[in-house]
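Take a look at the structure below.
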Amino acid sequence: DTGVSQNPRHKITKRGQNVTFRCDPISEHNRLYWYRQTLGQGPEFLTYFQNEAQLEKSRLLSDRFSAERPKGSFSTLEIQRTEQGDSAMYLCASSLREGADQPQHFGDGTRLSIL
Amino acid sequence: AQTVTQSQPEMSVQEAETVTLSCTYDTSESDYYLFWYKQPPSRQMILVIRQEAYKQQNATENRFSVNFQKAAKSFSLKISDSQLGDAAMYFCAYRKYTGTASKLTFGTGTRLQVTL
C-alpha cells in the first residue's frame, strides 16, 4: 500500500495556460475524489469517480475544468484557460469502496500558482 | 445543504496538556458520519477519528476522543497528553450516510500549536 500519489507537487503557470494534474489512488480503491483547498480554508469537493464513472460534480467545477479516470485507475484533472482564482491546492483522495464509513485517503496535493 | 463550522481559527496547548477543538454542523439528515482530519504542515491529510451518528457512544482512538452531541449538532475533539507531533491543522468533516452523495464537507479548520 503505497498511498495516494499526486503529480506534480507544484505547478506554476501563466494565466490563460492549460494545466493537467495526475492522481494515482491506492491500488484496488474504486472510489476517487478531487478536492480544492484555498489558503485558510478547508477542502471543497470538486468531483468523484466510482471506477471510470464520474458520479458527481460540484458547481465549483466550471466548464474550464474536466476530470477523467479512463481505466478506473489513475485520474487526471485538467484546467483550461487558467485564471488567478484557480490558484489553490488540488487534493486527490481514494477509498476502497462505497460506504460513508469508508475512510478517504488523501494524497499530498498539487499546489497550483497562477502568475 | 450541510455546513460545518469551526469557530476557533487557532488554538495553543502545552505539551502533555489537554485541548479541545470545537465543531458544529448543520444537517437535516438523521444518519451521517463525522470525522476529524489532521493536516500537518506540507503533509497529507490523515484521518484521526470518526463517529457514526447513530451511535451514542463517543469514539476514542488512543489520546484522541470526541464529544458528540447529536441534538446540539456538536462534535468536539479532545486531545489528551498533547505531543509536539500533534501540531497541525485540524479539520472537522461531515459525510452523508446513504445515497450517492459521498463527498466530505469540511470546516475551515483549527490550527493547533503545541508549546514546550
Side-chain angles (χ1 to χ4, degrees), chain A residues 1-7 9-10 23-26 29-51 53-61 67 88-111, chain B residues 1-10 21 23-25 27 29-55 59 61 64 75 88-111:
Chain A
D1 187 348
T2 57
V4 177
S5 176
Q6 291 189 247
N7 288 288
R9 290 292 305 277
H10 303 274
C23 171
D24 287 88
I26 294 173
H29 279 197
N30 65 28
R31 290 219 156 186
L32 186 147
Y33 311 80
W34 285 100
Y35 293 85
R36 182 174 70 184
Q37 186 178 18
T38 53
L39 201 60
Q41 300 295 318
E44 295 176 292
F45 170 77
L46 292 178
T47 187
Y48 84 91
F49 294 83
Q50 179 167 312
N51 298 314
Q54 190 172 18
L55 296 186
E56 186 177 350
K57 293 194 296 185
S58 163
R59 63 179 181 275
L60 292 175
L61 214 65
M89 176 75 84
Y90 290 84
L91 297 171
C92 177
S94 69
S95 63
L96 183 58
R97 57 181 179 269
E98 181 176 354
D101 63 322
Q102 293 298 304
Q104 294 185 15
H105 300 266
F106 284 82
D108 289 336
T110 294
R111 183 170 296 283
Chain B
Q2 295 82 20
T3 58
V4 177
T5 302
Q6 294 178 251
S7 59
Q8 305 157 316
E10 290 190 14
L21 308 184
C23 172
T24 58
Y25 59 95
T27 183
E29 304 289 333
S30 59
D31 291 325
Y32 47 88
Y33 282 81
L34 296 165
F35 304 84
W36 278 97
Y37 277 86
K38 170 185 178 182
Q39 188 177 41
S42 301
R43 297 188 64 184
Q44 64 187 212
M45 194 166 326
I46 57 175
L47 178 65
V48 174
I49 197 167
R50 70 181 181 198
Q51 173 79 43
E52 296 90 335
Y54 62 87
K55 287 188 178 179
E61 288 288 342
F64 299 87
F75 182 61
M89 282 292 290
Y90 286 82
F91 292 98
C92 178
Y94 166 98
R95 192 177 193 186
K96 194 175 175 181
Y97 184 69
T98 59
T100 59
S102 190
K103 64 186 177 185
L104 287 166
T105 300
F106 288 89
T108 52
T110 296
R111 182 175 303 280

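By convention in this document, chain letters (A, B, ...) are assigned in the order of the sequence lines, proteins followed by strands, and residues within each chain are numbered from 1.
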> In terms of heavy-atom pairs under 4.5 Å with chain A, which of E52(B), Q6(B), R43(B), Q39(B) leads?
Replying inline: Q39(B)
>> Quick check for you: among V4(B), L104(B), I46(B), which has the greatest number of heavy-atom pairs under 4.5 Å with chain A?
In response: L104(B)
>> Is it the case that the side chain of Q6(A) and the backbone of Y90(A) share a donor-acceptor pair, with hydrogens and angles ignored and the cut-off at 3.5 Å?
In response: yes
> Taking the side chain from T110(B) and the backbone from Q8(B), do they hold a donor-acceptor pair closer than 3.5 Å?
Replying inline: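 Yes, because the side chain of T110(B) sits within donor-acceptor range (under 3.5 Å) of the backbone of Q8(B).
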>> Looking at every heavy atom in both C92(B) and F75(B), which two are closest together, and how far apart are they?
In response: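 Nearest pair, atom of C92(B) first, then F75(B): SG-CD2, 3.8 Å.
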>> So for Q50(A), is it side chain, backbone, both, or neither that comes closer than 4.5 Å to the heavy atoms of chain B?
In response: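 No part of it gets close to chain B.
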> Given a strict heavy-atom distance threshold of 4.5 Å, which part of R9(A) is in contact with chain B: side chain, backbone, both, or neither?
Replying inline: side chain
> Are the side chains of H29(A) and H105(A) in touch, meaning some heavy atoms are under 4.5 Å apart?
Replying inline: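 The answer is yes, as the side chains (C-beta and beyond) meet within the 4.5 Å cut-off.
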